Amino acid sequence: MSSTRTEQHPPEALIVGASRGLGHAMAAELLDRGWNVIGTVRDTTARTPLHDLADRADGRVTVEQLDINDPGRLPLLHERLAQRRLDVLFVNAGTTNSHQTPIGAVTTADFIDVMVTNALSPMRVIEALEDLVSPAGLIGAMSSGQGSITNNTSGGRELYRGSKAALNMFLRSFAARQGETQRAFVLMAPGWIRTDLGGPDAPFTIEESVPMLVDVLLSRLGTTGLAYLDRFGKTVPW
């Protein structure tokens with residue numbers, strides 16, 4: 001798909017979880033490529049990098065409020081966006097617990113927090129908003145290479161891994177239910193990137209990683225079915 005539908009109607013993306021980090025960087029990259037962007041933040045009273053991006057975007061960036069763990073907010077967001085037609089709906093959400101805690105030692109509270117945030121809530125967003133996406137558009141979510149069961153040969157980060165594997169399964173089920181659609185579906189595995197979640201020791205910066213992620217994401221437009229891809233466009237084994 002080209003960077004614009006037409007000169008008068010640029011393509012439009014909704015990035016859920018765009019206040020900072022990867023989500024904000026993806027919004028900025030799409031804006032640079034000629035897209036209009038709707039980005040969500042959890043708290044509209046707090047200033048975020050997305051607000052700064054909107055201030056210099058000449059009306060091409062819209063900031064919406066959504067806490068993905070509050071499903072009661074989804075109908076309100078749907079109502080506000082009802083007149084928009086999305087080419088991309090992408091859910092960027094993630095949290096974790098202590099990396100070294102084995103699954104048997106995880107508290108119930110931590111389990112609920114990570115599984116709801118990383119697996120259930122993204123799917124609630126997709127189920128609630130998918131009818132706003134063009135019949136030839138794309139629906140995706142930020143997964144992780146650590147969600148690959150096949151590639152897990154070292155253990156560690158067990159709850160986080162499990163939550164992303166669950167997300168992968170849930171989106172695969174959703175895509176299977178959409179078998180008659182021409183839409184594309186994608187799970188992105190960005191790699192270990194220096195974000196609040198990835199930490200300062202990650203080998204890759206947001207600046208070098210996000211253009212690659214967006215390249216891969218947009219390359220899926222015009223295809224059908226679900227792909228689980230890394231930032232190089234290579235398939236990640238389930």
Side-chain angles (χ1 to χ4, degrees), residues 3-4 9-96 117-118 121-122 124-126 128-130 132-133 137-144 167 186 188 190-191 193-200 202 204-218 231:
S3 63
T4 56
H9 300 286
E12 192 153 55
L14 169 59
I15 308 296
V16 175
S19 60
R20 54 189 171 83
L22 287 177
H24 165 259
M26 290 177 70
E29 181 71 18
L30 286 166
L31 180 69
D32 287 345
R33 298 189 190 203
W35 284 62
N36 288 349
V37 179
I38 307 161
T40 71
V41 300
R42 279 187 295 180
D43 181 4
T44 54
T45 64
R47 189 78 183 175
T48 73
L50 184 66
H51 291 90
D52 296 335
L53 183 68
D55 284 350
R56 56 181 187 270
D58 296 323
R60 293 175 49 222
V61 172
T62 304
V63 179
E64 291 283 355
Q65 189 274 332
L66 180 68
D67 180 344
I68 65 167
N69 289 340
D70 182 0
R73 295 284 180 176
L74 284 168
L76 301 175
L77 179 61
H78 187 284
E79 182 178 350
R80 293 195 298 271
L81 300 181
Q83 303 306 312
R84 312 285 282 262
R85 176 59 70 184
L86 304 175
D87 297 282
V88 168
L89 165 59
F90 190 83
V91 184
N92 174 59
T95 190
T96 190
T117 301
N118 290 2
S121 291
R124 281 175 166 163
V125 171
I126 288 169
L129 304 181
E130 62 92 12
L132 301 177
V133 180
L138 178 147
I139 296 173
M142 191 69 79
S143 183
S144 168
L167 172 65
V186 63
M188 292 297 308
I193 300 174
R194 265 171 257 159
T195 62
D196 288 347
L197 185 64
F204 303 107
T205 66
I206 288 177
E207 292 75 17
E208 64 188 329
S209 301
V210 164
M212 300 169 70
L213 291 174
V214 172
D215 282 344
V216 173
L217 191 71
L218 298 187
R231 69 180 179 279

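Predicted model only: the values in this text are computed from it and were never measured.
Heavy-atom neighbours of Asp58 CG from other residues, nucleotides or ligands within 6.0 Å: at or below the threshold of 12.
Under the 3.5 Å distance criterion, the side-chain polar atoms of Asp87 are left unmatched by any main-chain donor or acceptor of Leu138. A donor-acceptor contact shorter than 3.5 Å is absent between the side chain of Gln65 and the backbone of Asp43. Between the His51 side chain and the Thr48 main chain, a donor and an acceptor come within less than 3.5 Å of each other. In this structure, the side chain of Asn36 does not engage the main chain of Pro10 through any donor-acceptor pair within 3.5 Å.
Heavy-atom minimum distance, Asn69 versus Ser121: OD1-OG, 2.5 Å. Of all the heavy atoms in Pro75 and Gly72, the pair that sits closest is CD-O, 3.4 Å. In terms of heavy atoms, Leu213 sits closest to Leu22 at CD1-CD2, 4.3 Å. Listed here is the closest heavy atom pair of Ser19 and Val41: CB-CG1, 3.6 Å. Closest heavy-atom contact between Gly39 and Ala18: CA-CB, 3.9 Å. Here the shortest heavy-atom pairing between Ala93 and Ile68 reads CB-CD1, 3.4 Å.
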For this session: List the steps, then state whether side-chain contact (heavy atoms from CB on, under 4.5 Å) holds for Trp35 with Leu218.
Result: CA-CA 11 Å; Trp35 284 62; Leu218 298 187; 3.6 Å; yes

Problem set entry | From CA spacing to verdict: side-chain contact (heavy atoms from CB on, under 4.5 Å), Val125, Leu66 | CA-CA 10 Å; Val125 171; Leu66 180 68; 4.3 Å; yes

For this session: Take Arg47 and Asp52, measure what side-chain contact (heavy atoms from CB on, under 4.5 Å) needs, and give me the verdict at the end.
Result: CA-CA 8 Å; Arg47 189 78 183 175; Asp52 296 335; 3.0 Å; yes

Problem set entry | Working for side-chain contact (heavy atoms from CB on, under 4.5 Å), residues Glu29 and Asp215 | CA-CA 10 Å; Glu29 181 71 18; Asp215 282 344; 5.8 Å; no

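Atoms CG and NE2, on Asn92 and His24 in that order, are 12.0 Å from each other to the nearest 0.5 Å. Atoms CZ and CZ, from Arg124 and Arg73 in turn, are 15.0 Å apart once rounded to the nearest 0.5 Å. How far CG of Leu14 is from CD1 of Ile139: 10.5 Å, rounded to the nearest 0.5 Å. Rounded to the nearest 0.5 angstrom, Ile38 CD1 and Leu81 CG are separated by 5.0 Å. A distance of 7.0 Å separates CD1 of Ile126 from CG of Leu167, quoted to the nearest 0.5 Å. Here the CD-OG1 distance, from Glu12 to Thr62, works out to 7.0 Å after rounding to the nearest 0.5 Å.
Here the side chains of Met142 and Pro190 are in contact, with some heavy-atom distance below 4.5 Å. Contact of the His78 side chain with the Leu132 side chain is registered, since non-hydrogen atoms from C-beta on lie closer than 4.5 Å. Annotation: side chain of Arg60 is in contact with side chain of Leu31 (closest heavy-atom distance under 4.5 Å).
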